[in-house]
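These notes are about the structure you will find just below.
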Amino acid sequence: MNAKPPATILTRRALVGSLSLAAGGLLTGCDALTANQGWRDTLRLAETGNMALQRGLLGQDGLAREYSPRDISRSVPANGTRAPSDADYLRQAATGFSDWTLSIDGLVERPTRFALGQIRSMPRQTQITRHDCVEGWSAIGKWTGVNLAALLDAVKLRDSARYLVFHCADSLRAGPYYESIDLVDARHAQTMIAWALNDELLPIGNGAPLRLRVERQLGYKHAKYIRRIEAVADYRLSYGGGGGYWEDAAGYEWYAGI
Ligand SMILES: Nc1nc2c(c(=O)[nH]1)N[C@H]1C(S)=C(S)[C@@H](COP(=O)(O)O)O[C@H]1N2
Ligand SMILES: [Mo]
């Protein structure tokens with residue numbers, strides 16, 4: 001990784017990383033760092049360790065840093081899909097997303113299809129936070145949207161629900177984009193379905209009309225162009241099983257805590 005996050009994040013990730021690397025070393029020995037199944041399993045173990053350590057260090061409810069308006073970056077780059085070319089999306093974009101709906105279904109008591117206007121008229125929250133992409137850039141933006149926990153309360157999750165899978169309207173080379181998070185991140189105070197950036201409706205490049213902000217996770221977890229949120233018992237049963245597009249396509253960690 002060549003990202004250069006500020007010192008607080010570096011410290012946290014370096015600490016978490018060195019502790020879990022130490023654990024990995026104990027398990028495999030230093031010369032066993034090969035791309036075999038054993039090492040992959042060790043990586044998975046280390047990832048689980050990262051999650052436990054990070055949640056332990058930060059607490060489940062710890063907030064990502066919020067910035068002041070003068071810190072806002074001149075622009076938040078559009079990354080990954082910048083303009084979905086999928087026919088349905090293009091049709092929706094042509095009418096200003098007037099027919100866009102967000103479905104929340106799966107393991108919920110009241111599967112619901114929310115109209116975009118409904119989402120935008122729900123109580124909103126705003127936060128100025130930094131987006132960190134694994135490709136090595138960050139940008140600070142002011143995000144406005146609806147708290148995800150409030151949406152989940154409206155549809156009432158069943159007890160069997162453990163994860164949320166976000167289905168997106170765009171496809172990349174390997175297939176449709178998707179992501180998943182657990183309920184700790186889903187119910188975190190700063191987690192929202194955002195519909196505005198820097199006091200304007202979300203531009204297409206940044207995920208119009210709806211995108212996820214999950215502030216304690218790396219950029220690829222922040223699903224753009226969301227049209228469906230599915231509550232599931234196990235994200236490993238969806239798509240390629242990795243829990244996200246990049247997790248499946250490139251082996252990125254499912255838990256990408258920062
Ligand atoms: N649907 C969808 N969501 C996505 C992506 C994408 O290609 N498609 N790219 C991800 C990556 S890698 C990053 S860094 C952020 C980029 O968000 P931005 O375009 O607003 O900077 O979106 C994430 N969410
Ligand atoms: Mo990214």
Side-chain angles (χ1 to χ4, degrees), residues 1-5 9 13 64 67 71-90 92-93 97 100-103 116 126-145 148 164-181 185-186 190-230 235 238-240 242-258:
M1 262 213 301
N2 51 7
K4 290 198 191 69
I9 301 281
R13 248 186 117 75
Y67 295 79
D71 299 319
I72 293 173
S73 306
R74 217 157 290 134
S75 75
V76 175
N79 199 42
T81 302
R82 292 149 202 250
S85 52
D86 310 65
D88 182 50
Y89 185 89
L90 290 175
Q92 301 265 8
F97 303 104
W100 191 272
T101 56
L102 172 67
S103 295
L116 184 57
T126 289
Q127 62 215 26
I128 301 174
T129 50
R130 199 191 58 230
H131 180 96
D132 293 306
C133 172
V134 282
E135 289 167 19
W137 57 271
S138 346
I140 295 175
K142 177 181 181 184
W143 302 97
T144 299
L148 181 53
L164 301 181
V165 177
F166 297 84
H167 301 272
C168 304
D170 61 315
S171 301
L172 293 172
R173 190 196 292 258
Y177 203 92
Y178 81 102
E179 258 303 338
S180 63
I181 59 175
D185 273 321
Q190 291 167 314
T191 299
M192 66 157 91
I193 302 300
W195 48 262
L197 169 60
N198 297 337
D199 298 319
E200 312 222 339
L201 290 181
L202 265 189
I204 286 180
N206 300 107
L210 299 172
R211 67 99 49 89
L212 176 66
R213 293 301 306 168
V214 50
E215 302 294 355
R216 298 190 311 174
Q217 298 275 334
L218 285 171
Y220 60 89
K221 302 295 293 185
H222 299 234
K224 306 193 283 189
Y225 318 113
I226 302 171
R227 59 174 163 206
R228 178 177 173 221
I229 303 175
E230 182 189 12
Y235 67 79
S238 301
Y239 297 87
Y245 178 87
W246 288 113
E247 289 86 330
D248 287 341
Y252 284 15
E253 293 171 63
W254 174 78
Y255 188 77
I258 48 177

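Order of listing sets the numbers, starting from 1, for every ligand and every atom in it. Bear in mind the structure is a predicted one, so any value in this text is a computation, not a measurement. These numbers come from the heavy atoms of this one structure, side chains and all, not from hydrogens, waters or symmetry mates.
Within the listing of ligand 1, atoms 19 (O) sit less than 4.0 angstrom from a heavy atom of Gly205. Every atom of ligand 1 with a heavy atom of Cys133 under 4.0 Å away is listed here by number and element: 14 (S). Close approach to Tyr225 involves these atoms of ligand 1, each under 4.0 Å from a residue heavy atom: 1 (N). When each atom of ligand 1 is checked for a heavy atom of Cys168 under 4.0 Å away, the hits are 1 (N). Proximity to Tyr220 (heavy-atom distance under 4.0 Å) selects the following atoms of ligand 1: 10 (C), 11 (C), 12 (S).
Contact record, Ser180 with Trp254: OG-NE1, 2.8 Å, taken as the closest heavy-atom pair. Among all heavy-atom pairs drawn from Tyr220 and Tyr177, the shortest one is O-OH, 2.8 Å.
Closest heavy-atom approach to atom 20 (O) of ligand 1 among the candidates Asn206, Asn79, Asp132: Asn206. Considering Ile226, Asp170, Leu202, Leu172 only, the shortest heavy-atom separation from atom 1 (N) of ligand 1 involves Asp170. Relative to atom 23 (C) of ligand 1, the option among Gly80, Gly219, Gly244 with the closest non-hydrogen atom is Gly219.
For residues 204-216, every residue pair satisfying the side chain to side chain donor-acceptor pair (under 3.5 Å) rule, not counting sequence neighbours, is listed here: Gln127-Glu215, Thr129-Glu215, His131-Arg213, Arg213-Glu215, Arg213-His222.
Partners of Ser75 by side-chain contact (heavy atoms from CB on, under 4.5 Å), not counting sequence neighbours: none found.
Between Ala78 and ligand 1 there is a heavy-atom distance shorter than 4.0 Å. Heavy-atom separations between Trp137 and ligand 1 include at least one value shorter than 4.0 Å.
Here the heavy atom of the protein found nearest to atom 21 (O) of ligand 1 is Pro77 O, 2.5 Å. The protein non-hydrogen atom at the shortest distance from atom 24 (N) of ligand 1 is His222 O, 3.0 Å. Looking only at protein heavy atoms, the nearest one to atom 10 (C) of ligand 1 is Tyr177 OH, 3.4 Å. His131 NE2, 3.1 Å is the protein heavy atom nearest to atom 14 (S) of ligand 1. The closest protein non-hydrogen atom to atom 3 (N) of ligand 1 is Lys224 N, 3.0 Å. For atom 7 (O) of ligand 1, the closest non-hydrogen atom on the protein side is Thr81 N, 2.8 Å.
Comment: Glu247 engages Lys221 in a salt bridge, judged by a side-chain N to carboxylate O separation of less than 4.0 angstrom. A salt bridge links Lys142 with Asp199; the closest basic N to acidic carboxylate O contact falls under 4.0 Å.
Aromatic ring orientation, Tyr252 versus Trp246: parallel (interplanar angle below 30°, classes split at 30° and 60°).
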**OP:** Evaluate the side-chain contact (heavy atoms from CB on, under 4.5 Å) criterion for residues Leu210 and Phe97: first the C-alpha distance (whole Å), next the side-chain angles of each, then the deciding distance (0.1 Å), finally the verdict.
**Re:** CA-CA 10 Å; Leu210 299 172; Phe97 303 104; over 6 Å; no
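There is no side-chain donor-acceptor pair under 3.5 Å between Thr191 and Asp185.
In terms of modelled atom types and a separation under 3.5 Å, the side chain of Tyr178 and the main chain of Gly243 share a donor-acceptor contact. Thr126 places no side-chain N or O within donor-acceptor distance of the main-chain N or O of Thr144, the cut-off being under 3.5 Å.
Looking at Arg211 next to ligand 1, an N or O pair under 3.5 Å apart turns up.
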